[in-house]
Amino acid sequence: MNYSYFPIRKAFAADFTAKVTSVAKDCAEPRITKTVKQILDRAMRKAMEKSIPIIKSEYNYCMSLVRRDAHRRCGGSAWEIDKNGWFLNWTLITALDRVIVRLIGCYRVVITTLDGVIVLLIGWLIASLTGGWSEGGGRGGSPWVVLSLAIMSSTNGIVVTHEDVAAAKLKPSMAVGKATFSVKVGLAQMLKGGVIMDVVNVEQARIAEEAGAVAVMALERVPADIRRHGGVARMSDPQMIREIKKAVTIPVMAKARIGHFVEAQILEAIGIDYIDESEVLTPADDVNHINKRNFQVPFVCGCRNLGEALRRIAEGAAMIRTKGEAGTGDIVEAVRHVRAVMGDIRRLQSMDEDELYVFAKELRASYELVKQTKVLGRLPVVNFAAGGVATPADAALMMQMGCDGVFVGSGIFKSGDPRKRASAIVQAVTHFDDPKILAEVSCDLGEAMVGINCFDKGLERYAARSE
Amino acid sequence: MATQADDWGNQPSGGEEAGDRHVSIIGVLAIQGSYREHCAALRRCGVQAIEVRKAEQLTRVSGLIIPGGESTTMANVAERNGLIAALRGFAQSGKPMWGTCAGLIFLANRATGQKKGGQALLGGLDCKVHRNFFGSQINSFETELPVPSHFPAKSPDHFRAIFIRAPGILEVGEGVEVLAECPVPEGMVVPTAEVDEGMMVIPTAVDVDKDKIHAPREPTTAPSCGDNHSRDKVIVAIRQGHLLGTAFHPELTSDLRWHLLFLDMVRCSNPKTIPMEEVEEEGALAAGGGGGEEGGKKADSARAATTTTASFTFPSMCRPEDLPIFREERNMEFELI
């Protein structure tokens, strides 16, 4: 590196700052301006004090910020950059800039060393031979252009950035994103504050819809019956699920066995809205879960603690529920699991950043997700309660403890008056923090489901079937 | 103030002088669905948001958002609590209402593709909505759509629209302003306007009191939108008077411009309420999201500190903060605002 180019760099930095500021003002994004400014200030100070060149990695970091900013504003699609290999708008500020800008159209390049100019000219030569430059228009070009520019920028202190926002705006990406994570989580967000009910046939599905369920879970036997009859519990008959789907307009979910990705493929094929990879069914794989990122359809998974929840999210689950102890009508396990998750999150929030690595190890979860959870103060996806909810009070309890909604399995259709109970639980979830309304809706519901005490010895623990 | 109003395409009504500036309260119908997301977005805009569950809470608010969710559930619970009448009264009082997705169905005069027996609608928007127009969850998608002309000129000219089992607007009557249209995804079997199974028609706003049900009107071809029936595009956002309806979910994105548009409608209907310039200072027009440097809570509290003229009292909840807004689906990065 030649120190004599320092004045150019200084001029560049000032100019660059001004440009970033104006661009950022244009898109009214104060935070990114601040970050870029801070980095540039620091770089400038270093350069001034020690009279060393501005460190390239810092340039690159600035560049990545600006590029991120740029792609967001030109349509927000990350593919924009990936497909073209580069975001092709360039800034040039040396004495040569006007000339080169004329030569290469709207691309602009920042050159910090003399070598850079030479390589740029070589790159331009290659590109013009391959016909890349002539395309112009602010994007595209042949792979040679991309390659030569990439080589230049990586080796010669050339800083690339975008400037021409208007050009970028001309061709916004209109690509349709299906089954993106936000779309998957989105449906769960629409279910928040609602009740999802287990149903085994069309009549029950209609009752659930009438009562105000946000979704129904179609299955062959409710958990209480699975418990009673024993044997292997599998995915339901697709025909039955189809019929239920036809009968109601609300989303229909269905259960697949843990690790049984072919059952999940079948459910996806019949157009189910959400798949529950459920421990209530007999697990098909006692070690691995389904790789839920391979699917277009979103998944909900059970958890007993924070680590388990984050492992499922890492596998691609877009919604989490507590496991509870399904089919018992005893809320104690669900409470235990919600307490465990929420307690861990509270501990996490009071932790020092340095302690997160070890905590992630203890949770056996990815550090990134642990960190996200700490920043958010909650699970990064929708979190429902499930397993043992039998009364409106149970449902409101789960809501007050911080869940986003409630699954009710056997609690409704194993009770005396399913219609009434279903609608009471729906009301209770909406008015979870109003004891007067809770008292009203809890009246005269008839017989609740027969419960199984979770402290009974010999009770098979479904929740412990996977982790 | 005045130029801001022009930017948003609304006529500034009288009383724009900076006099007593009350912080108005926007209500979000909190029966079910994405109400907390809406509240979070409103707070980011610098106004106070409350969750509305009971009829008496409606008197406190100067505008109401009906969030996304399951419209059948919302109608069901609202009906049982006697909220429907209160909501109809609210709509008739001329206070602005905005329905996203399920809320749009709620506000529509006519809806098809409903559950057997239909569901209660509030009505007011002269349009025909088809529930789950785009199909089930597997057909849900997100895309970028061009912004309506009312959005500030300096902001990006596209916005991110997330459609989740979304409805589509099949027909609009005269006097309905079409704000956005979405290209129909290729290969989709398009539900037609003629499918009237489970169709629910609600009386027009004038006749609400009489509570009588009209026969479905003949589809009116509005001159403003001639390709009303062409099905390579479907209408996804409309405005009529003080009512706004969107089939997508602005509350699931970091783009606050739809919320600001609604706040502007509230401001125009009740000029002395919302301090708009503070919103501008916040730079809230950005469609993009944050650099993820600051924690959401920190940003929230900072905003609350800068924007209040009166002290805000957010509902104290033992419930945790709200969900992130996702952008990069591959590694599930999220933005905090």
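First the proteins, then the strands, lettered A, B, ... as listed; each starts at 1. Not measured: the values here are computed from a predicted model.
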> Is it the backbone or the side chain of B:Ala30 that comes under 4.5 Å from a heavy atom of chain A, or both, or neither?
Replying inline: backbone

> What part of B:Leu252 lies closer than 4.5 angstrom to a heavy atom of chain A: side chain, backbone, both or neither?
Replying inline: side chain

>> Among A:Val426, A:Val185, A:Val248, which residue has the highest count of heavy-atom pairs closer than 4.5 Å to chain B?
In response: A:Val185

> Between the side chains of A:Thr180 and B:Glu142, is a donor N or O closer than 3.5 angstrom to an acceptor N or O?
Replying inline: yes

>> If I measure from the heavy atoms of chain B, does A:Asp434 come under 4.5 Å with its side chain, its backbone, both, or neither?
In response: side chain

> Going through the distances and angles, do A:Lys184 and B:Ser140 end up as a side chain to side chain contact (heavy atoms under 4.5 Å, CB included)?
Replying inline: CA-CA 8 Å; A:Lys184 288 178 174 177; B:Ser140 295; over 6 Å; no

>> Under a 4.5 Å cutoff for heavy-atom pairs, which residue among B:Arg165, B:Lys54, B:Glu70 has the most contacts with chain A?
In response: B:Arg165

>> Determine whether B:Glu37 and A:Lys192 satisfy the following criterion, side chain to side chain contact (heavy atoms under 4.5 Å, CB included), listing intermediate values before the conclusion.
In response: CA-CA 10 Å; B:Glu37 284 81 353; A:Lys192 279 165 73 180; 2.8 Å; yes

> What is the minimum heavy-atom distance between B:Gly68 and A:Met190, and which atoms define it?
Replying inline: C-SD, 3.4 Å

> Which atoms form the tightest heavy-atom contact between B:Gln137 and A:Pro298, and what is the distance?
Replying inline: CG-CD, 3.7 Å

>> The test is side chain to side chain contact (heavy atoms under 4.5 Å, CB included); show your working for A:His431 and B:Asn81 and say whether it passes.
In response: CA-CA 11 Å; A:His431 299 285; B:Asn81 296 351; 2.9 Å; yes

> Between A:Asp273 and B:Ile138, is there a donor-acceptor pair closer than 3.5 Å when you use the side chain of the first and the backbone of the second?
Replying inline: no

> So which of A:Gly194, A:Gly212, A:Ala213, A:Gly271 has the largest heavy-atom pair count under 4.5 angstrom toward chain B?
Replying inline: A:Gly212

>> Please classify the contact between B:Ile162 and chain A as side chain, backbone, both or neither, with a heavy-atom cut-off of under 4.5 Å.
In response: side chain

> Does a side chain donor of either B:Thr72 or A:Glu209 reach within less than 3.5 Å of an acceptor in the other side chain?
Replying inline: no

> Which region of A:Glu368, side chain (C-beta onward) or backbone (N, CA, C, O), has a non-hydrogen atom less than 4.5 Å from a non-hydrogen atom of chain B, or is it both or neither?
Replying inline: neither

>> If I compare all heavy atoms of B:Arg80 with all of A:Ala211, which pair ends up nearest, and what's the gap?
In response: NH2-O, 3.0 Å

> Heavy-atom distance under 4.5 Å to chain B: side chain of A:Gln427, backbone, both or neither?
Replying inline: side chain

> Are a donor atom and an acceptor atom from the side chains of A:Thr430 and B:Arg53 found within less than 3.5 Å of each other?
Replying inline: no

>> Need one label for A:Leu379: side chain, backbone, both or neither, based on atoms under 4.5 Å from any heavy atom in chain B.
In response: backbone

> Considering only heavy atoms, which portion of A:Ala215 lies under 4.5 Å from any heavy atom of chain B: side chain, backbone, both, or neither?
Replying inline: neither

> Side chain, backbone, both or neither: which part of A:Val195 has a non-hydrogen atom closer than 4.5 Å to chain B?
Replying inline: neither

>> If I compare all heavy atoms of A:Lys245 with all of B:Ser136, which pair ends up nearest, and what's the gap?
In response: NZ-CB, 3.7 Å

